[in-house]
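Note: hydrogens, waters and symmetry copies are ignored here, and every other heavy atom, side chains too, is used. All chains are named by letter (A, B, ...) in the order of the sequence lines, taking the proteins before the strands, and each is independently numbered beginning at 1.
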Amino acid sequence: MNNDGTKARRGRKRAQNEVRLIFPSHSVNESYARSAAAVFVSQINPTLTELSDIKCAVSEAVTNCIVHGYRDTLGTIYITMRLYENREFRIEIKDKGCGIPNITEAMQPLYTTDKENERSGMGFTIMENFMDSLKVSSGKSGTKVVMSKKLAPLPTVIK
Amino acid sequence: MKTKTCGVTIHCKNDRMECVIGGDIDHHSARSIRMKIDEELYRIRPRVLMLDLSGVEFMDSSGLGLILGRFSKASEIGAECILQNPNEQVTKILDVAGIGRLIRIERKKENV
C-alpha cells in the first residue's frame, strides 16, 4: 500500500478521538453515515458550513461504495474517523468492491459510468471542493478514500 | 389537485406543475422523488416545471442528478424548468456544478 505519507503523519500526531463504523451497503445507510460523521465532529464545535461540507463529502464517498464499489451486490463499508488536537478531522471510507480502473478519469467532473440512474458525475469534485484534502486509492481488493478538513479555530470568548 | 408522497408534494395550477421537495435528497431518497415527479410530468405535460427546494435541508450530488434529469425530461416535452429557494448548503452544491448557467434559480426576497 502506498500509505507511507499517512503512516509517517500518524506516528507524529496522535488522534484525540477515534470512531470506527462497519455497516452493510444498504442505501438507507447513506444518511446514517453522514449523520454519524456530523455527530462525531460536533464535539469540537464546527461551524454550520463546515458541518454541512463534511456531511456532503461523506455522503458522496459512501454513495460511491454503494453505487459503484458494490454495484449489484451487498458488501460492507468501513469508516474510520479521527479528530486531532489541531482541530483536524480525518475520515477513511473503504469498500471491498470492484475497484476503480482509472482513478484520474473517475475524478474528472461530470465523468460517470452510470448515466442511466442519473448519477451526475460530481461526487469526487464535491469531495475535493468541500474538504481540504482527498486521496483515493483503488485496486482489485476495493477502494479507499481518505479525506481531511482542518476546522477554523474557535472564536475566543472575552470575559 | 394535490398528491403527497415521501419527500415531494405536487400541486398543479394551469400550465404550472409545482413540486415541493422536502427533507434530504441523497441517492436513497432521489429514486422515489424522481419516479413521482416523472409520473406526473408525463401525465400533466405542463409548460413550466417548478422545483421548490425550500424544504430541502441537505442535498448531495444525487440531488444534482435529480435536478438535471428533470430539466432534460422537461425540455423533452417543451417545458421550462425553474428551481426555487435553495438554502445555503444546496446553493453551494448548485454552484459547484454551475447549475445556474443552465437552469433559472428564483429566490424569495426574505431568503436573501
Side-chain heavy atoms nearer than 4.5 Å, only ILVMFWY residues, links allowed to pass through others: does that put A:Val41 and A:Leu134 together?
yes

A:Gln43, CD: over 12 other non-hydrogen atoms inside 6.0 angstrom
yes

Counting only heavy atoms not in B:Lys92 (residues, nucleotides, ligands), do more than 12 fall under 6.0 Å from its NZ?
yes

With clusters defined by side-chain heavy atoms of hydrophobic residues (ILVMFWY) lying less than 4.5 Å apart, directly or transitively, does A:Tyr70 cluster with A:Phe23?
yes

Checking A:Thr63 against chain B: side chain, backbone, both or neither under 4.5 Å from a heavy atom?
side chain

Let me check something: do B:Val20 and B:Ile82 share a hydrophobic cluster, defined by ILVMFWY side-chain heavy atoms less than 4.5 Å apart, either directly or through other members?
no

Give the intermediate values and the outcome of side-chain contact (heavy atoms from CB on, under 4.5 Å) for residues B:Phe58 and A:Ser59.
CA-CA 10 Å; B:Phe58 170 88; A:Ser59 200; 3.8 Å; yes

Heavy-atom count check: over 12 atoms from other residues, nucleotides or ligands less than 6.0 Å from A:Glu105 CD?
yes

Sorted by chain and residue number, the side-chain hydrogen bond (donor to acceptor under 3.5 Å, both in side chains) partners of B:His28 (sequence neighbours excluded) come out as A:Ser27

Take atom NZ of A:Lys149 as the centre, draw a 6.0 Å sphere, and report whether it contains more than 12 heavy atoms from other residues, nucleotides or ligands.
yes

Got a donor-acceptor contact below 3.5 angstrom from the B:Arg34 side chain to the A:Asn117 backbone?
yes

Determine whether B:Glu88 and A:Leu48 satisfy the following criterion, side-chain contact (heavy atoms from CB on, under 4.5 Å), listing intermediate values before the conclusion.
CA-CA 10 Å; B:Glu88 222 175 292; A:Leu48 274 180; over 6 Å; no

Heavy-atom pairs under 4.5 Å with chain B are the metric here; pick the option from A:Ile66, A:Thr125, A:Leu110, A:Asp53 that has the most.
A:Asp53

Single-linkage hydrophobic cluster A:Ile103~A:Val62, side-chain heavy atoms < 4.5 angstrom
yes

Minimum heavy-atom separation for B:Ile93 to A:Cys56, with atom names?
CD1-SG, 3.2 Å

State plainly whether the residues B:Asp60 and A:Lys55 are in salt-bridge range, i.e. N to O under 4.0 Å.
no

Contacts with chain A made by residues 61-74 of chain B (heavy-atom distance under 4.5 Å), listed by residue number
B:Ser61, B:Ser62, B:Leu64, B:Gly65, B:Leu66, B:Gly69, B:Arg70, B:Lys73

